[in-house]
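The block underneath contains the structure these notes are about, expressed in structure tokens.
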Amino acid sequence: MTVKAGQKCTAVRRIFVPENRLEDSWKALTKALSQTTIGNPENEKVRMGSLAGQSQREEVRTQVRRLLASSQLVYGSLDSVEVIDADSQKGAFISPLLLLNTTPFTSEEPHEIEAFGPVSTLMPYKGMDEAIELSRKGKGSLCSSIVTADTNIARRYVLGAATHHGRILILNEECAKESTGHGSPCRCSFTADRDAQEEERRWEASAA
């Protein structure tokens, strides 16, 4: 949500959680977001910088106002933000914004509007069929992630949602801590490791 101030094509836009975990989820997310320091990226304490420019900040605000037609703001502010070593008005700074939508099947805004900033909408589901259906309401997304310790649930989601997503990331208790998400440098690292393994096999073959 906050990586590159949400200005990347694989940023988190919609968050689906089990209905009975909705309150716990938004409380945990707001706690984490409250620890995100914003300002001059040259300051080592800063974790999120500004948007690309003033016009982009106004665009984000405009899109969030459209999202608020069916959602409520549970964290952040459209009008004010605390920053470190910077001017909150001269710089294109904006607070991370977490929205809550309790009627995701009858609300089109969270599925069709992308603010392209540090903005995400939290939505509940009752079962895996609903989670898959909600994921498809995006009408085609670059990526999706599922967090579960149950491989059967992961498999079911992937098979149901794959037609509407470019790629799907599966996170469990073993890989979640080291994962850097979509658009991460992991692909380059994997490619380098794969090339190194190929080179080693070629050396072993020539030595034999």
Side-chain angles (χ1 to χ4, degrees), residues 1-17 22-68 71-101 110 113-123 141-147 166-167 169 171-193:
M1 219 183 125
T2 59
V3 173
K4 296 185 178 179
Q7 294 193 292
K8 64 174 188 174
C9 295
T10 55
V12 178
R13 178 166 62 98
R14 302 179 299 158
I15 306 171
F16 306 125
V17 299
L22 185 61
E23 183 176 354
D24 290 341
S25 297
W26 74 255
K27 286 182 177 179
L29 284 169
T30 55
K31 181 180 179 181
L33 290 172
S34 68
Q35 299 171 358
T36 302
T37 48
I38 304 165
N40 185 344
E42 292 186 349
N43 188 307
E44 62 180 14
K45 295 181 179 179
V46 169
R47 291 295 174 266
M48 188 179 92
S50 70
L51 298 177
Q54 296 286 358
S55 61
Q56 183 61 36
R57 180 167 66 175
E58 289 308 310
E59 175 65 16
V60 170
R61 287 172 172 168
T62 297
Q63 299 304 329
V64 171
R65 291 187 185 101
R66 293 178 62 199
L67 288 168
L68 290 174
S71 303
Q72 59 178 304
L73 189 63
V74 294
Y75 180 84
S77 170
L78 279 172
D79 304 312
S80 63
V81 59
E82 293 185 7
V83 298
I84 297 175
D85 286 348
D87 187 311
S88 62
Q89 296 305 311
K90 290 183 179 180
F93 296 100
I94 193 169
S95 163
L97 300 165
L98 180 65
L99 283 67
L100 174 64
N101 184 296
I113 298 172
E114 182 178 8
F116 206 67
V119 182
S120 292
T121 302
L122 194 63
M123 292 172 270
S141 302
L142 286 176
C143 61
S144 177
S145 301
I146 179 170
V147 183
R167 65 184 178 194
L169 172 66
L171 291 176
N172 57 32
E173 69 276 13
E174 295 181 0
C175 65
K177 289 185 178 180
E178 65 181 14
S179 174
T180 52
H182 295 281
S184 72
C186 292
R187 180 177 176 84
C188 297
S189 299
F190 171 78
T191 301
D193 290 342

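Across every non-hydrogen atom of S50 and A5, the tightest pair is O-CB, 3.8 Å. Here the closest non-hydrogen pair linking T30 and V74 is CG2-O, 3.8 Å. Smallest separation of non-hydrogen atoms from Q7 and G117: CG-CA, 4.4 Å. Nearest heavy-atom pair, A115 versus V64, reported as atom, atom and distance to 0.1 Å: CB-CG2, 4.2 Å. Heavy atoms only, all atoms of each residue included: P118 and L51 are closest at CD-CD2, 3.9 Å. Closest approach of K8 and V3 over heavy atoms only: NZ-CG1, 4.0 Å.
Contacts classified as salt bridge (Lys or Arg N to Asp or Glu O under 4.0 Å) and involving residues 34-58 (residues at least two apart or in different chains) are given here: E58-R61.
Between atom CG of residue L73 and atom CG of residue L100 there is a gap of 10.0 Å, rounded to the nearest 0.5 Å. Note that OG of S144 is 7.5 Å distant from CZ of R14, once rounded to the nearest 0.5 Å. Expressed to the nearest 0.5 Å, how far CZ of F116 lies from CD of E59 amounts to 11.0 Å. Atom-to-atom distance recorded for N43:CG and I84:CD1 is 5.5 Å, nearest 0.5 angstrom. Rounded to the nearest 0.5 Å, atoms CG (L97) and CD (Q63) are 13.0 Å apart. To the nearest 0.5 Å, atom CZ of residue R13 and atom OG of residue S141 are 5.5 Å apart.
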>> Run I15 and L29 through side chain to side chain contact (heavy atoms under 4.5 Å, CB included) and show every step you take.
In response: CA-CA 11 Å; I15 306 171; L29 284 169; 4.1 Å; yes
> What do the steps show when you test L33 against M1 for side chain to side chain contact (heavy atoms under 4.5 Å, CB included), and what is the final call?
Replying inline: CA-CA 9 Å; L33 290 172; M1 219 183 125; 3.9 Å; yes
> So L99 and N101, side chain to side chain contact (heavy atoms under 4.5 Å, CB included) or not? Walk me through it.
Replying inline: CA-CA 7 Å; L99 283 67; N101 184 296; over 6 Å; no
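Residues T10 and R167 are in side-chain contact: their nearest non-hydrogen atoms beyond the backbone lie under 4.5 Å apart. Counting heavy atoms from C-beta outward, S179 and L169 have side chains that approach closer than 4.5 Å. Put simply, the side chain of L67 reaches to within 4.5 Å of the side chain of V119, judged on heavy atoms.
Qualifying side chain to side chain contact (heavy atoms under 4.5 Å, CB included) partners for V81, counting only residues two or more places apart in sequence or in other chains: I38, V83, S88, F93, S95. Scored by the salt bridge (Lys or Arg N to Asp or Glu O under 4.0 Å) test, E23 finds K27 as partners (sequence neighbours excluded).
Within a 6.0 Å sphere centred on CD of E82, other residues, nucleotides and ligands contribute 12 heavy atoms or fewer.
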